[in-house]
Amino acid sequence: MLSVHVVLDYIDVQKLTMLPKKTTILTTLFQSSGAAANQEGFLNVSLVDEGEIAFGSAVKGSILAAKLVSLVAAQPYNISVLQITAPIVPLSIDQAASPPKAAKSPAAAPKKSPATPLTQAPSSTPAVEAPTPSQEVAANAPVVHSRQGLYR
């Protein structure tokens with residue numbers, strides 16, 4: 001969601017008020033992630049009403065719901081932070097974020113087993129074979145992990 005709000009260009013109030021066509025499409029960090037479909041990773045910025053600047057998703061059917069409030073901070077041609085009135089939410093992200101519909105009858109929660117097995121992350125050390133039944137020790141002995149393997 002945040003990557004939709006990061007524009008991959010230097011944009012400040014002066015640049016926005018001088019838009020040549022009164023509207024432009026800006027590329028966001030979400031677009032460069034490769035996860036954006038269609039126009040989700042682009043912002044539509046337009047001059048509306050009496051010089052007001054509006055932002056919205058470039059996805060077809062989206063509205064320009066966010067308005068520019070002020071410039072928060074800027075280092076020209078490096079970074080600028082702009083305050084807007086509302087978050088910009090592409091339609092597909094908004095639909096994905098909506099809560100699932102409630103089931104008609106709640107399913108019983110699965111019972112937890114008394115002991116869950118330990119899982120190891122892959123490592124570069126060779127795997128240690130499990131002990132044979134004659135080598136096992138008491139089940140309540142502490143488990144110690146070292147570079148050589150698991151020990152009780």
Side-chain angles (χ1 to χ4, degrees), residues 1-128 130 140 142-151:
M1 182 67 139
L2 288 176
S3 63
V4 172
H5 294 79
V6 178
V7 175
L8 300 181
D9 190 6
Y10 179 78
I11 300 294
D12 59 12
V13 177
Q14 182 180 2
K15 192 170 181 179
L16 290 172
T17 56
M18 307 296 253
L19 292 175
K21 297 179 185 176
K22 304 255 184 208
T23 188
T24 192
I25 301 294
L26 302 173
T27 305
T28 68
L29 185 59
F30 185 50
Q31 179 65 30
S32 69
S33 73
N38 301 321
Q39 295 287 311
E40 290 176 338
F42 296 98
L43 291 182
N44 182 356
V45 181
S46 297
L47 291 172
V48 294
D49 298 330
E50 298 168 14
E52 196 171 45
I53 300 168
F55 299 85
S57 172
V59 174
K60 190 174 183 170
S62 296
I63 59 170
L64 301 175
K67 306 283 194 254
L68 177 66
V69 175
S70 68
L71 174 70
V72 176
Q75 287 185 347
Y77 309 107
N78 289 318
I79 189 170
S80 68
V81 179
L82 304 172
Q83 179 185 4
I84 57 177
T85 58
I88 301 163
V89 184
L91 294 174
S92 63
I93 291 176
D94 189 35
Q95 292 168 355
S98 62
K101 295 180 181 179
K104 291 182 181 179
S105 61
K111 293 182 181 179
K112 289 186 177 182
S113 61
T116 55
L118 294 176
T119 58
Q120 278 187 300
S123 70
S124 59
T125 58
V128 176
N140 60 357
V143 176
V144 179
H145 178 74
S146 72
R147 298 194 111 212
Q148 289 78 29
L150 294 175
Y151 298 95

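All residue numbers refer to positions in the sequence shown, counting from 1.
- Of all the heavy atoms in Val69 and Thr85, the pair that sits closest is CG2-CG2, 3.5 Å.
- Looking at Thr24, Val45, Leu71 one by one, the single match for side chain to side chain contact (heavy atoms under 4.5 Å, CB included) with Leu16 turns out to be Val45.
- Between Ile53 atom CD1 and Leu64 atom CG the span is 12.0 Å, to the nearest 0.5 Å.
- For Ser62, the side-chain contact (heavy atoms from CB on, under 4.5 Å) partners are Ser57, Val59, Leu91, not counting sequence neighbours.
- The nearest pair of heavy atoms linking Ala86 to Ala66 is O-CB, 3.3 Å.
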Side-chain donor-acceptor pairs of residues 5-13 under 3.5 Å, sequence neighbours excluded:
{"unit_1": "His5", "atom_1": "ND1", "unit_2": "Met1", "atom_2": "O", "d": "3.1"}
{"unit_1": "His5", "atom_1": "NE2", "unit_2": "Ile88", "atom_2": "N", "d": "2.9"}
{"unit_1": "Asp9", "atom_1": "OD2", "unit_2": "Lys15", "atom_2": "NZ", "d": "3.4"}
{"unit_1": "Tyr10", "atom_1": "OH", "unit_2": "Asp12", "atom_2": "OD2", "d": "3.3"}
{"unit_1": "Asp12", "atom_1": "OD1", "unit_2": "Gln14", "atom_2": "N", "d": "3.4"}
{"unit_1": "Asp12", "atom_1": "OD1", "unit_2": "Lys15", "atom_2": "N", "d": "2.8"}

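- No side-chain heavy atom of Asn44 sits under 4.5 Å from any side-chain heavy atom of Phe55.
- Shown here are the side-chain contact (heavy atoms from CB on, under 4.5 Å) partners of Val81, two or more places apart in sequence or in another chain: Val72.
- Between the CG atom in Leu29 and the CG atom in Leu2 there is a gap of 9.5 Å [rounded to 0.5 Å].
- Nearest heavy atoms, Gly41 versus Thr28: O-OG1, 2.6 Å.
- Taking OG1 from Thr17 and NZ from Lys22, the interatomic distance works out to 10.0 Å, rounded to the nearest 0.5 Å.
- Residues Ala36 and Gln31 approach most closely at CB-OE1, 3.7 Å, considering heavy atoms.
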Exercise for the section: Show your working on side-chain contact (heavy atoms from CB on, under 4.5 Å) between Val89 and Val4 and close with a plain yes or no. Expected result: CA-CA 8 Å; Val89 184; Val4 172; over 6 Å; no

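- Around the CD1 atom of Ile25, the shell of radius 6.0 Å holds more than 12 heavy atoms that belong to other residues, nucleotides or ligands.
- Using a 4.5 Å cut-off on side-chain heavy atoms (C-beta onward), Leu47 and Thr23 make no contact.
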